Each structure stands twice: as structure tokens, then as C-alpha cells.
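Only one structure is covered here, and it is reproduced in the block below.
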Amino acid sequence: MKYDKDFAEDLVAEVKEDYLLRREGRRHFEAQWQLNSNFLSGNQYCAVSLAGNLEDRGKDYYWQEREVFNHIAFIVETRLAKLNRVRPVMAVRAAGSEESDAKTAKLSTKILRSASDRLNLQELMQKGAQWSETVGSVFYKVSWDKSAGKKVGILEGSPVHEGEVRVDVCPSYEIFPDSLSYQDVSDCQSIIHAKAVAVDDIFRIYGAMVDAEDVDTVSLASAGVSGGMGMTGAVIKHGRGKTGGHTMVIERYSAPSANHPDGEFAVVAGNKLLHYGPLPFRLGEDGSYALPFIKQDSLSVAGCFFGASIVERAIPVQRAYNAVKNRKHEFLNRIAMGVLAVEDGSVDTENLETEGLSPGKILVYRQGSTPPALLDPGSVPAEFADEEDKLLNEFVLISGISEIMRSSALPGNLSSGAAIRLLTEQDDTRLSATAERIRMAGKKLAQFILRLYKQFASQPRLSRVAGDGGRVELLSFIGSDLCGDDVVIESENEFEGGAQSRRLMLLELFKVGLFEGENGVLSAGTRAKLLEALGFGTLAEEVSVCGEGGQRNE
């Protein structure tokens, strides 16, 4: 698309200046995210300076112990293990009582689940949960990829595809809102998505050649962390670095306004305007244009766009715990190795310093001088052990990870089944708010997916869906056949009772005949779904090809 030269130059300058201002405004947030990532990976001797930069802290003395006892990684891994159980199953509710409404809702549900399987939405949401648990927030960008899907023809020597929905997981590093005080994406007037992209990919997508730059991005490197007494170890260090062969692509999405009722969408790379026009996707209610982003927080912060992470709260406790453990080990080193008092000039101090007091060593000292002697090292104060226990309890209070989850074992003083169940439910309660935000993000993803199909699937297209009884069906549909405004979460809350409790309840309901039909016979479809819910998915597939009487159809 051709643009007026003066207009393009002014717009490029405006977008780049806007991006730099937003980046500067959230510098301290980005420094905290880097600090969280470093503590999670084990690089825990760093801090944020007053200028908002990440700085490494060196040793005060060469003998100083600087081991890392990483409880933060364990906390995050345990939380993710529970949050990954959150797998919301979406369905579309009928808009009315008419039979056509029910058919539309059923078709939309099948298309939605087919698209979720194709996009591997569960894996994307697990990746998003990992980002949100680390830095506090993650964003899902929902768009339409014209180059994906089935090939339908060739136009001017280039293949033409029917297109498909695309979902990208965007870390907080890539997202720049127009104000940090907004609570949600819907509150923003504009959002910038900035990402380093290879120049070859820019040419493939936009057909424009841009010069490569040394892009400043978050990068990984190996950092040496000294453990004390000559012991060293390497951990992953998260910081800023330069990336060659890439250019920063800046996409600015502006919400509809009085001057621009369809919104604005501008793409800038280098000093070139790659695209300018209205918002490309009708993702709002009733087919209106909207920003294509969905935000998912680990811990919401009132009056702040970006959420908080449990890592931020655990960092002070982790620093204190490392200090206590290392000072304790230094004390033990003094007790084990001893501190030698030597009269000046009485012995060869260089030899003594190099070899120490090895077993069987002959120590020669000057005649008439005081022999070298070990100072009384005392014993390790009991306060070290007390403080260590207090800090471990603080980890539990801050993270919501109880002793049962922390050690995968029951406390020694706990034998009551009701008490154990109560502790487990309390763990789930601490995580229920985060789990609910994951479920709500999944619901918005489902709405956006259906709305994109409704917008772009203008020609009949085929989709493989799971039919009744587990059979695979081929459905033909166009966008107007779908509805995407009334999406509901069909699956129950994963934290309301464990899998074993649900299985026992299903068996009880089966015994009282709740799943039987009017003739008192369990249908093949119901039987297959029941077996799948009980965890016998392979057997369910076998049952799904059997008739109502239980005989296999050859």
C-alpha cells in the first residue's frame, strides 16, 4: 500500500517516539521482571539500582559463602503443577429457545473445540501461566493468519490459503499500554506490541526491505556465582543484550474513537511505515472492532495494568534465607577448620597458610616463642536454626504452598483425614483466584476465536470435529453459521474436589441409574463419555463404535 511521503514520515516519527516514551515509563517494571527471572533461575545475588537497572552484587570477602538455596523455583514449580490442572472446556449457549438457535450453538461449540485442538490451546495457556507466574502478567494476541489453513488456489504465482486463527503468547516485555494505571485491556485507548523480528521475516510478511539493527532485547547468559571457599557454579542470567540481524517491529493498535470509528493500526520497522489502516479484527461484541489482546494476571494489582508475581513477595525472604544459611556454614567452617593464632615471626606463615594444619604435619616454630594455637571457635548459635525455621514458615505464608505440597508428605503430627482434606482445600483456596483468571482468559480466547471465524470464513469450509460417541465428523460451515458472544465454561472448577472424588461421585450416580435412558439401557454415547470421564479414554473409543446392544459393528 502506498502512502503520502510526508504523512508516512510523520507517522513513523510519532509511533517511534510514542514507543520510547512508553518504554521509559515502565522501566522499573521491566527491571523487576528481570529480577524475578534471575531469582527463579538461581542468580540471586543481584538487585535493582535507583536508576532502574539490574546490577550484580559481588563478594565482600574472598572467603565469603555465596551459595543459593533456591526455594522460589520450588514454589513456582509447585504452583504451576496445580494451575496446569485448570483446563476449561468451553461451550456456546443457545441465544434463544428456537431449534435453529440450539443448532447454531451446537455447531459453534464443535468448531470451537476443533480450533482449540488445532491451536493446541491448552499448551499455549500452560506457557502463558509460566510467564504470568514469573513476571506477573501474560498476554494472548489473537489474529487471523491468511497464509495458514488449506490451500485453495494460486493467484499470480502465489498460493492462496483459506486462512486460520492464530494465537500468540506475548510476555509483558512486548506490551506497552498508553497508561500504566489502567486495569484491563478494554480500558486502554491504544496498545503497542513491539518485538524484534528478523529482516527476512519482515520482507516475507510485509514485502518491504529494512536495514538490520542491533536491537536491545532481553537475553540469557551464563553467570558465575561464587559459592565460597573456592567453589563456583554457573546459573542462567537474565538481562538486556543486543540481537543482530533483527529490527524492532512496532505495532500500534488504537481503539475506535470519534475521529476513527474503526480504530487505527500502524506497523513501523526501522524508518519505514509497513502498514496503516483501521483495526483488522472485529473482536468486540456485535462485530465491533477491538484490540486483539487478552490479559492474564497471576496476582492483580489495583490501579495497575501489569499484575504482580508471587516471586516478588518471596525475594526478601529468599535473600534472608540465603544469608542465614551461608553465615551458618561460615561458622561451621571456622569450627571445622579452626582459626590459628600465630606469634609474629615464630613460624613460616606462607607455608602454614598454603598447607594448613594437615594431619601428621610437623610444625616448626622459633625457639622461645609462643607455639601457634587454635582459637576457641565456640558453637553455632541456636538463633541460626530458629531464624531458618521462621523463614521456611514465611515461604509457606507468602506462597500459599503448605507443608503437604512442599514436601509431598503429611506432617508428623497430623493423622485426621478431615484435617488433611481441610489443608488441601486451603491450598486450593489460595490458588483459586489465579485459577479463575486463567479460566476467564480461556473464555475470552474462545469468544475471539469464534468472532474471527465469523468475520473471515466467508466461503464454505470443512472442519474435522468430534461427534457423538467420539466419532470424527466433517462439518461444512461459513462464518454466518456461528455465534460467539454467549460462550460459557462447561467444565467444573478443577479445584472443587480432586479427580478421585469426582470418579467416586460418577460411580455413585451410575449405580442409582441416573445415566440410563428411558428404556433402562445405557446408550453407547453415554457409556463412552462415562468411561472417558473415569480415565479410560482408550476403552471409550472402543465402546463408541459399538451399537446400543453392545455388539461391535463390523
Side-chain angles (χ1 to χ4, degrees), residues 27-80 132-136 218 220-229 231-240 298-299 301 306-334 380-403 405-407 430:
R27 179 196 296 180
H28 289 276
F29 284 92
E30 190 167 326
Q32 182 64 57
W33 301 337
Q34 294 179 38
L35 187 66
N36 293 354
S37 299
N38 278 285
F39 266 76
L40 183 59
S41 63
N43 182 31
Q44 298 183 354
Y45 291 97
C46 54
V48 178
S49 66
L50 295 177
N53 299 317
L54 203 65
E55 297 179 346
D56 292 327
R57 298 294 173 88
K59 283 186 175 186
D60 295 327
Y61 307 98
Y62 75 93
W63 48 262
Q64 189 174 4
E65 289 275 357
R66 290 222 318 177
E67 292 287 359
V68 171
F69 306 89
N70 197 348
H71 281 258
I72 287 180
F74 170 76
I75 289 170
V76 172
E77 289 167 1
T78 306
R79 285 173 59 90
L80 284 174
S132 64
E133 287 297 300
T134 303
V135 301
V218 177
L220 303 178
S222 177
V225 178
S226 298
M229 302 302 292
M231 304 296 291
T232 59
V235 297
I236 299 298
K237 178 181 178 181
H238 299 256
R240 307 296 303 188
S298 175
L299 304 170
V301 180
F306 295 106
S309 167
I310 202 70
V311 178
E312 299 176 27
R313 301 179 180 180
I315 283 177
V317 184
Q318 181 67 65
R319 282 177 172 151
Y321 188 79
N322 286 340
V324 168
K325 293 284 284 187
N326 284 313
R327 300 298 81 75
K328 184 178 178 180
H329 288 172
E330 289 168 4
F331 215 109
L332 291 171
N333 286 337
R334 291 189 181 95
V380 179
E383 287 77 9
F384 279 103
D386 294 340
E387 182 66 15
E388 187 177 339
D389 291 338
K390 290 178 182 177
L391 291 172
L392 288 175
N393 290 331
E394 282 196 53
F395 277 122
V396 175
L397 293 174
I398 289 174
S399 64
I401 305 301
S402 71
E403 188 174 350
M405 295 176 63
R406 184 175 65 185
S407 59
R430 292 289 300 271

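FYI, side chains are in, hydrogens and waters are out, and symmetry mates aren't considered; it's all heavy atoms of this structure. The structure presented is a predicted model; accordingly, all values stated were derived computationally and were not measured.
In this structure Phe331 satisfies the ring pair (Phe, Tyr, Trp, His ring centres under 6.0 Å) test with no other residue, sequence neighbours excluded. Residues forming a side chain to side chain contact (heavy atoms under 4.5 Å, CB included) with Pro316 (at least two apart in sequence, or on another chain): none.
Taking 4.5 Å as the limit, every side-chain heavy atom of Glu133 sits out of range of all side-chain heavy atoms of Leu40. Between Arg79 and Ser298 the shortest side-chain heavy-atom distance falls below 4.5 Å. Under the 4.5 Å side-chain criterion, counting only non-hydrogen atoms from C-beta, Glu65 is in contact with Asn333.
Smallest separation of non-hydrogen atoms from Ser309 and Leu299: C-CD1, 4.0 Å. Minimum interatomic distance between Ile72 and Ala314 (heavy atoms only, all atoms of both residues): CG1-CB, 3.9 Å.
Within a 6.0 Å sphere centred on CZ of Arg313, heavy atoms belonging to other residues, nucleotides or ligands number 12 at most.
To the nearest 0.5 Å, atoms CG (Asp56) and CG (Asn38) are separated by 7.5 Å. Rounding to the nearest 0.5 Å gives a distance of 7.5 Å between CZ of Arg319 and CZ of Arg57. Residue His329 holds its NE2 atom at 4.5 Å from CZ of Phe69, rounded to the nearest 0.5 Å. The CZ atom of Arg66 sits 9.0 Å away from atom CG of Asn326, with the distance rounded to the nearest 0.5 Å. To the nearest 0.5 Å, atoms CG (Asn53) and CD (Gln34) are separated by 9.0 Å. Atom NZ of Lys390 is separated from atom CG of Leu392 by 12.5 Å, given to the nearest 0.5 angstrom.
A cation-pi arrangement, defined by a distance under 6.0 Å to the six-membered ring centre and an angle within 45 degrees of its axis, is absent between Lys328 and Phe384.
Of the possible polar contacts, one joining the Tyr45 side chain to the Glu67 backbone as a donor-acceptor pair under 3.5 Å is found. Using modelled atom types, no side-chain atom of Thr134 and backbone atom of Ser37 make a donor-acceptor pair closer than 3.5 Å. Under the 3.5 Å distance criterion, the side-chain polar atoms of Gln44 are matched with a main-chain donor or acceptor of Phe39.
Using modelled atom types and a 3.5 Å distance limit, the side chains of Asn36 and Gln32 yield a donor-acceptor pair. If you check the side chains of Asn322 and Gln318, you find a donor sitting under 3.5 Å from an acceptor.
Using the six-membered ring where Trp is involved, Phe29 and Phe306 have ring planes that are tilted, between 30° and 60° apart.
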For this session: Could you please spell out the steps behind the side-chain contact (heavy atoms from CB on, under 4.5 Å) verdict for Phe74 and Phe395?
Result: CA-CA 11 Å; Phe74 170 76; Phe395 277 122; over 6 Å; no
